[in-house]
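Note that the structure is predicted; figures quoted are calculated from it, not measured. Sequential numbering from 1 along the given sequence is applied to the chain's residues. Note that ligands are numbered from 1 as they come in the structure, with each ligand's atoms numbered from 1 the same way.
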Amino acid sequence: MATSTAQIQSEFSNPNLEVLISTEEIKNRIQALGSQIAREYAGRNPLLIGVLKGACFFLSDLLRAIDIPLGIEFMAISSYGSSTRTSGEVRILKDLDVAIENRHIIVVEDIVDTGLTLSYLLANLKSRGAASVKLVALLDKFERREREVEIDYLGFQIPDHFVVGYGLDFAERYRNLPFIAVLKNPDAAQLGLPISTTE
Ligand code: IMP
Ligand code: MG
């Protein structure tokens, strides 16, 4: 039987990626956030709501760092418009399966960019009669903000670069990276072409 000798092309050491936040830094920050949330929500049985798909990775690590009883739910949301300019209109693709009246809600998001998605989502959840609604975000691209969004618990502030990894994608690629990286050449990234390491 013929065996394939095709070389495995490593995604994690792809030369088109420049590591911005390492696996270790993410892990340490999440431990600190988890401890803080556990202290502040003790006895309140918070409901963590993850925004699909990007926040799943952050949510799954974060909740294991919060050592108190809690629940999790997911929502999927889409913004109208192209990926670079959104109109500010937001659509719920997958809603919650439970009522959230009188619950203490913690929305878990991967990144706050323009803030359009989160300002809509937070207002929407508050209108459903939650006891409280707070936000934990792994990344804050503060220079691009168009709507004010209060981030109650933040992982890292980052400069205005397009980042991938640890749940964040570029055309659905790179979510599996165990670190956060800047894409050096987005055109090549989308086509999946080999990148010259000499540039
Ligand atoms: P906002 O409504 O502009 O704040 O958009 C937030 C959403 O845009 C995030 O949940 C991400 O899905 C996506 N996004 C914004 N910036 C980046 C980035 O640098 N890399 C990957 N996705 C991003
Ligand atoms: Mg995305």
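Residue F162 has no nitrogen or oxygen atom sitting less than 3.5 Å from a nitrogen or oxygen atom of ligand 1, judged on distance alone.
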Yes or no on side-chain contact (heavy atoms from CB on, under 4.5 Å) for V51 and V108, after CA distance, side-chain angles and deciding distance? CA-CA 6 Å; V51 183; V108 182; over 6 Å; no
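If you number the atoms of ligand 1 from 1 as listed, the ones under 4.0 Å from a heavy atom of K141 come out as 16 (N), 17 (C), 18 (C), 19 (O). Under a 4.0 Å criterion applied to the non-hydrogen atoms of D113, ligand 1 contributes the atoms 1 (P), 3 (O), 4 (O), 5 (O), 15 (C), 16 (N). Using a 4.0 Å cut-off to heavy atoms of H161, the atoms of ligand 1 that qualify are 19 (O). The E109 neighbourhood of ligand 1 comprises atoms 10 (O), with distances under 4.0 Å to a heavy atom of that residue. The atoms of ligand 1 that sit less than 4.0 Å from any heavy atom of D169 are 21 (C).
Checking V163, V51, L168 against atom 20 (N) of ligand 1, the nearest heavy atom belongs to V163. When the options D160, I158, V182, D110 are ranked by their closest heavy atom to atom 10 (O) of ligand 1, first place goes to D110.
Judged by the 6.0 Å and 45° rule, R44 forms a cation-pi pair with Y41.
Without hydrogens or angle criteria, R29 side chain to L154 main chain gives a donor-acceptor distance under 3.5 Å.
Residue-level proximity to ligand 1 for T117 is carried by backbone and side chain together, each with a heavy atom below 4.0 angstrom.
Clustering ILVMFWY residues whenever any of their side-chain heavy atoms sit less than 4.5 angstrom apart, transitively, puts L62 in the very cluster that holds L168.
Using a 4.0 Å cut-off between charged side-chain N and carboxylate O, R145 and D140 make a salt bridge. A salt bridge is absent between E150 and K134; no separation between the charged side-chain nitrogens and carboxylate oxygens falls under 4.0 Å. Checked for salt-bridge contact, D95 and R128 meet the test: a charged N lies under 4.0 Å from a carboxylate O.
Remark: distances from the non-hydrogen atoms of I111 to ligand 1 include one below 4.0 Å. The shortest heavy-atom distance from G115 to ligand 1 is under 4.0 Å.
Judged purely by distance below 3.5 Å, without hydrogens or angles, the side chains of D110 and Y166 never pair a donor atom with an acceptor atom.
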